Amino acid sequence: MRNVELARCFRDLAAYLEMEDVPFKPRAYEKAALAIESYDRPLEEVYRQGGVKALRAIPGIGASMADKLEELIKTGKCALREQYYARMPVDIATLTAIEGVGPKAVKVLHEKLGVRTVEDLEAAARAGKVRSLPHFGERSEEKILKALAFVQTSGARQPLAVTLPLVEQIAGALARVPSVEQVAIAGSVRRRKETIGDADLLAVARKPDAVMRAFVGLPPVTRVLGQGDTKSSVKLASGLQVDLRVVPAESFGAALCYFTGSKAHNVALRQLAIKRGYKLNEYGLFRGERRIAGRTEEEIYARLGLAYIPPELREDQGEIDAARAGTLPRLIEADALRGDLQTQTDWTDGADSIEEMARAAKTLGLEYVAITDHTRSLAMTRGSDEAKLRKQMLEIDRLNARLGGIRVLKGAEVNINKDGTLDIDDETLAALDVVGVAVHSYFNLPRAEMTARIIRAMRNPHADIL
DNA sequence: GCCGTTTTCGGCCCGACTGTTTTCAGTCG
Ligand SMILES: Nc1nc2c(ncn2[C@H]2C[C@H](O)[C@@H](COP(=O)(O)OP(=O)(O)OP(=O)(O)O)O2)c(=O)[nH]1
Ligand SMILES: [Mg+2]
Ligand SMILES: [Mg+2]
């Protein structure tokens, strides 16, 4: 059973327990579900190698849950979940995935109307049967119907690269709204997660209500999920949900910390604050009534006795202990990049000259840049042959003599022929500083032939990079 | 149900928005 399926079972249990108003256990199962989902190894494998004991070692998993995981892995079933399902046979995961529908709503819908699936719910709402239920009304029935229409368009997480440009555009539009002093991207986008559920934006503004009006009126907004003075949520035409919080400047750091998350990181930070006699929320770090930090994230972490934790690490995976002990890892930042070993110029299919590329690399703060134009069998790029490469090497020598602060390396992106030989002779390759080799043709060779081809290319003593 | 450099028992993050509610529960961030 895959981790997502194990997590799903625990989520179901959390929802069932929530229905019954069981205290604390729902949180425990939800926390465990999250831990399982984001665990970097299949739990089946963990169990195979270390048994129940190894499962128990995962934070958030104790004796009871480890036993349930063992049961799930061995039998594919969980007796407790089956028991709950027998009592209330509902598609709890899909139903609670509907915006605004939680365990308590599912309970009423099932008990009073026999709703088991999303289709049942849609039929009941259309028939106007939902409005007369206890704790429901005309408006909530309407809300459910609207949310149902969006079940298809939302849901799936999107790659960061897809979401980031959209988010930056919205953030830019917000920054131009009058009275807005500051806009920040928060949430999983700021933590640079690989996939993004929704976008979270933070703003500092003197007139929050005007900002909220502008926000919900932005062109790409197709639906307003909620709108208040400090928090609003919308959906864009693309299906992306965007949440906006507006806070005063003295709370900016605390709010950025809160809204950046992750949730697990927030809970752990807040627990630490309690232990130190403080209270932490999105408005600041408080001792009694007095705010002792809040304007910047740095002062929040400092007053909690922690080193500043970069957003990318805020997942409650040990970073708080490391920050306390001063043993946080140094992240690889953009400025750690020393050089670029693959570039093309106007000698082949690139747009700029060698000198322009060198100057651009220098501006980027690089120490070196390799010029690696394509080689002859890529005819459409006017790929280099030996003579052209020799000529280019001379030009690079002259350029290096002239330019300071950047070293231009002589290179090539050499074609791997069908048989694994290279399309530039060894003598010329030997004169280059860096040789990349790449397949640009015959992409569909049988696996064995392709492998032999690549290995032969790599065996060329001048090949540095595949 | 989980957890622990102050605890193996007694705590468990904190607040915004909505709708139905007569004072707050449910859902969500
Ligand atoms: N303290 C606290 N903060 C929360 C809670 N839920 C969410 N947050 C904070 C931390 C989250 O990173 C932030 C944004 O919430 P989201 O639901 O958008 O989560 P996030 O962006 O981390 O992931 P996503 O990619 O949207 O699924 O709000 C909570 O229950 N308690
Ligand atoms: Mg988000
Ligand atoms: Mg969000």
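These figures come from a predicted structure and were not determined experimentally. Chain letters run A, B, ... following the sequence lines, proteins first and then strands; every chain starts at 1.
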Self-check item: Toward the 5' end of DNA chain B, by each residue's nearest nucleotide, A:Lys275 or A:Lys263
Solution: A:Lys275

Exercise. With DNA chain B as reference, determine whether A:Lys279 or A:Ile98 sits nearer its 5' end, using the nearest nucleotide of each.
Key: A:Lys279

If you look at every strand shown and take non-hydrogen atoms under 4.0 Å, does [X] touch a base, only sugar-phosphate, or nothing?
X        : result
A:Arg245 : sugar-phosphate
A:Pro26  : nothing
A:Glu138 : sugar-phosphate
A:Lys25  : base
A:Asn266 : nothing
A:Ala63  : sugar-phosphate
A:Leu280 : sugar-phosphate
A:Pro134 : nothing
A:Glu30  : nothing
A:Leu17  : nothing

Exercise. Scan residues 199-233 of chain A against DNA chain B and write down, sorted by residue number, each residue with any heavy atom closer than 4.0 Å; if none is found, say none.
Key: A:Asp200, A:Gly226, A:Gln227, A:Gly228, A:Asp229, A:Thr230, A:Lys231

Exercise. Could you tell me which residues satisfy ring pair (Phe, Tyr, Trp, His ring centres under 6.0 Å) with A:Phe259, sequence neighbours excluded, listed by chain and number?
Key: none

Quiz prompt | Proximal nucleotide (of B:dC13, B:dT27, B:dG1) relative to the A:Ala28 side chain | solution = B:dG1

Quiz item: Can you tell which of B:dG29, B:dT20, B:dC13 lies closest to the side chain of A:Ser140?
Solution: B:dT20

Quiz prompt | CD (A:Glu194) with more than 12 external heavy atoms under 6.0 Å | solution = no

Between [X] and [N], does any side-chain N or O lie under 4.0 Å from OP1 or OP2?
X        : N      : answer
A:Ser64  : B:dG1  : yes
A:Gln241 : B:dG29 : yes
A:Tyr283 : B:dA16 : yes

Quiz prompt | Least distance between heavy atoms, A:Arg8 atom then A:Ala93 atom | solution = NE-CB, 3.3 Å

Quiz item: For A:Arg291, what residues pass the side chain to side chain donor-acceptor pair (under 3.5 Å) criterion, not counting sequence neighbours?
Solution: A:Ser251

Exercise. Determine which nucleotide pairs with B:dG15, using a 3.5 Å limit on both distances of a Watson-Crick or G-U wobble pair.
Key: B:dC28

Exercise. State the NZ-CD distance between A:Lys263 and A:Glu30, to the nearest 0.5 angstrom.
Key: 5.5 Å

Quiz item: What integer distance in Å separates A:Arg56:CZ from B:dT8:C1'?
Solution: 12 Å

Practice problem: Would you mind reading off the distance between A:Phe24 atom CZ and B:dC13 atom C1', rounded to a whole angstrom? | Solution: 12 Å

Quiz item: Relative to the ring of A:Tyr29, is the ring of A:Phe10 parallel (under 30°), tilted (30 to 60°) or perpendicular (over 60°)?
Solution: perpendicular

Quiz prompt | Positive for salt bridge (charged side-chain N to carboxylate O under 4.0 Å, His left out) with A:Glu20, one of A:Lys104, A:Lys25, A:Arg87 | solution = A:Arg87

Quiz item: Under 3.5 Å, is there an N or O donor on one side and an acceptor on the other linking the side chain of A:Arg270 and the base of B:dC14?
Solution: yes

